[in-house]
**Student:** 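The following block contains the structure, expressed as structure tokens.
Residue numbering restarts at 1 for every chain, and letters A, B, ... go by the order of the sequence lines.
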Protein chains: 2
Amino acid sequence: MPARTGRPPKISKTDILTAAHRVIDEEGTQALTMRRLAREVGTTPMALYHHVRDKDELLLLLLDEYAAGVPRPEPPAGAGPGERVVAAAVAMREALTRVPWIVEVLRADDLMSARALWYPEEIIDAAVQAGLTPEDAVDAYRIIWHYTAGEISARSAAARRREDDRPTHRGRVFEDLDATRLPRLAALGPRWEELTSRDTYDKGIRALVRGLLPRP
Amino acid sequence: MPARTGRPPKISKTDILTAAHRVIDEEGTQALTMRRLAREVGTTPMALYHHVRDKDELLLLLLDEYAAGVPRPEPPAGAGPGERVVAAAVAMREALTRVPWIVEVLRADDLMSARALWYPEEIIDAAVQAGLTPEDAVDAYRIIWHYTAGEISARSAAARRREDDRPTHRGRVFEDLDATRLPRLAALGPRWEELTSRDTYDKGIRALVRGLLPRP
DNA sequence: GTGACTTTTTATACATGTATAGAAAGTAAC
DNA sequence: GTTACTTTCTATACATGTATAAAAAGTCAC
């Protein structure tokens, strides 16, 4: 154990993560600011930046810790490759949906944390079992990931919109549609809010699997 | 023409949008701050907030203006419904990719601006032509939209990562993969960067169309 | 004109992420 | 011990979006 040189650290990455968890658990995501976190661990805000690169990385580390706590379920027994992909994607989306700050992480990085990597592993493996080349299997995974990330983002934006009662641009747009140029939308207009509040993730994933994997 | 009451406005929404365009054209998106914009139109920052709700709405209005300038292409002659959907989705993604601030807009709202609505119109119409019910056609559009938004976000995040030469969390994660638990990823590891830099949007859209529309 | 009312603009303030510069606190060589 | 070097921490500062309160500038009824 070689003695380390330099000023001995007062705080560790673990301290930071623990404190961050505490703050989020007790007061929610929006209470997690760098200043607040610094106070919580007993330092100055900028000291945190020696342990994490920026706030986005902090969130990614939190996500990783969270992922470590999610058990890796066994793929359903006797399931075909297609069903394995669907099951993994659905589990991935569900796990991510539970993370309140997930949107920030999605914006920052397109890949999951180390301990969440079994999702891509499972999806890619199942795709290869179904007959895809490894390259095609990676493509399939990325396509599924893009779809999943987009769906999560959109859902979160919709939820924010619902909380916020200020009148939205969106509403105005849909009120006066040109029925000549946009007949379908005009016809659907009144039902738009209802139609677009349905959960279509599964439907999309199944369509993707049908379209990506070779016909059995 | 009823005379308006209240203090007469010094600036209009049009002034703001014009100035915003000028700033973006001349100095790029990151130069567009509320303070800068206020200086440009000759007011105080907060005066802008009487004409736009917040910066996100401003960007949405800019997107709408931009969309007005993109001509609505005729669907390819003699194309089947599936090809029409693909063409519309590809055009939508391409148009949005050209808007540098698109990521902010995607985060704020899941729907496009008024003058960009022909994309969903075209997709929904083609889906109905293919035999879907209007409800299923809306679902199909939303699924395609989620996929598209996710892909654009991921691409933009990847581009930012490339510009930034600071070492990324992502890199470290992929260096030490547990080959026992994650054999596929470990095998692909060295090629991951290359494999995930490919453009798979078309492939995904075609898979979605295959999976969503009834077999012809 | 005067006072009530409305709309728009201004001034000020705050919270946030983080850049930058340098101080503090240790080890290692001599 | 003194000096050089390294790592971590602190202080200060800035740019940003936007909340809040009040001021300004008009119309209208009388």
**Student:** C:dT9, D:dT8, C:dT18: which one has an atom nearest the side-chain heavy atoms of B:Arg7?
**Tutor:** C:dT9
**Student:** For the side chain of A:Arg35, starting at C-beta, report the closest nucleotide among C:dG26, C:dC14, D:dC14.
**Tutor:** D:dC14
**Student:** Picking from D:dT10, C:dT18, C:dT9, which would you name as closest to the side chain of A:Thr43?
**Tutor:** D:dT10
**Student:** Nearest heavy atom decides the nucleotide; on that basis, is A:Tyr49 or B:His50 closer to the 5' end of DNA chain C?
**Tutor:** B:His50
**Student:** Checking side-chain contact (heavy atoms from CB on, under 4.5 Å) for the pair A:Thr97/A:Ile102: CA distance, chi angles, key distance, verdict?
**Tutor:** CA-CA 7 Å; A:Thr97 302; A:Ile102 187 63; over 6 Å; no
**Student:** Counting only side-chain heavy atoms from C-beta out, which of D:dA24, C:dT10, C:dA25 sits nearest to B:Thr44?
**Tutor:**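 The answer is C:dT10, which lies nearest to the side chain.
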**Student:** Can you measure A:Leu58 atom CG to C:dT18 atom C1' for me and round it to whole angstrom units?
**Tutor:** 14 Å
**Student:** Quick one: which of C:dT10, C:dA25, C:dT18 gets closest to the side chain of B:Ala47?
**Tutor:**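 So the nucleotide nearest the side chain must be C:dT10.
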**Student:** Round to the nearest Å and state the distance from A:Asp15 atom CG to D:dT8 atom C1'.
**Tutor:** 14 Å
**Student:** Please tell me which of the listed nucleotides, D:dC14, C:dA19, C:dT9, lies nearest to the side chain of A:Met46?
**Tutor:** C:dA19
**Student:** Does a donor on one side chain and an acceptor on the other come within less than 3.5 Å for A:Arg22 and A:Thr18?
**Tutor:** no
**Student:** Could you tell me how far apart A:Glu104 (CD) and C:dT16 (C1') are, to the nearest whole angstrom?
**Tutor:**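 For the pair A:Glu104 CD and C:dT16 C1', the rounded distance is 12 Å.
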**Student:** For residues B:Glu122 and B:Met92, determine if any side-chain heavy atom of one lies less than 4.5 Å from a side-chain heavy atom of the other.
**Tutor:**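 Side-chain contact under 4.5 Å: no.
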**Student:** What is the distance, rounded to the nearest whole Å, between atom CG of B:Leu48 and atom P of D:dG17?
**Tutor:** 10 Å
**Student:** In whole Å, what is the span from the CZ atom of B:Arg36 to the C1' atom of D:dC14?
**Tutor:** 17 Å
**Student:** For the pair A:Glu135 and A:Asp139, evaluate side-chain contact (heavy atoms from CB on, under 4.5 Å) and give the outcome as yes or no after the intermediate values.
**Tutor:** CA-CA 6 Å; A:Glu135 289 80 9; A:Asp139 286 353; 5.6 Å; no
**Student:** How many Å lie between CD1 on B:Ile11 and P on C:dT10, as a whole number?
**Tutor:**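 After rounding, the reported distance stands at 8 Å.
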**Student:** Report the residue (A:Gly6 or B:Gly42) whose heavy-atom-nearest nucleotide on DNA chain C is the more 5′ of the two.
**Tutor:** B:Gly42
**Student:** Among the candidates D:dG26, D:dC9, C:dT9, find the nucleotide nearest to the side-chain atoms of B:Pro9.
**Tutor:**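 Nearest to the side-chain atoms of B:Pro9, counting from C-beta on, is C:dT9.
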**Student:** One pair to check against salt bridge (Lys or Arg N to Asp or Glu O under 4.0 Å): B:Asp15 and B:Lys10. What are the steps and the verdict?
**Tutor:** CA-CA 10 Å; B:Asp15 294 340; B:Lys10 234 174 72 174; over 6 Å; no
**Student:** Rounded to the Å, how far apart are A:Ile16 CD1 and C:dG17 P?
**Tutor:**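 In whole Å, C:dG17 P and A:Ile16 CD1 are 14 Å from each other.
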**Student:** Using whole Å, report how far CE of B:Met34 lies from C1' of C:dT10.
**Tutor:** 15 Å
**Student:** Respond yes when some side-chain nitrogen or oxygen of A:His51 is under 4.0 Å from OP1 or OP2 of D:dC9, and no when none is.
**Tutor:**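 True: A:His51 side-chain N/O within range (under 4.0 Å) of D:dC9 OP1/OP2.
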**Student:** Any side-chain N or O of B:Lys10 below 4.0 angstrom from OP1/OP2 of C:dT9?
**Tutor:** no
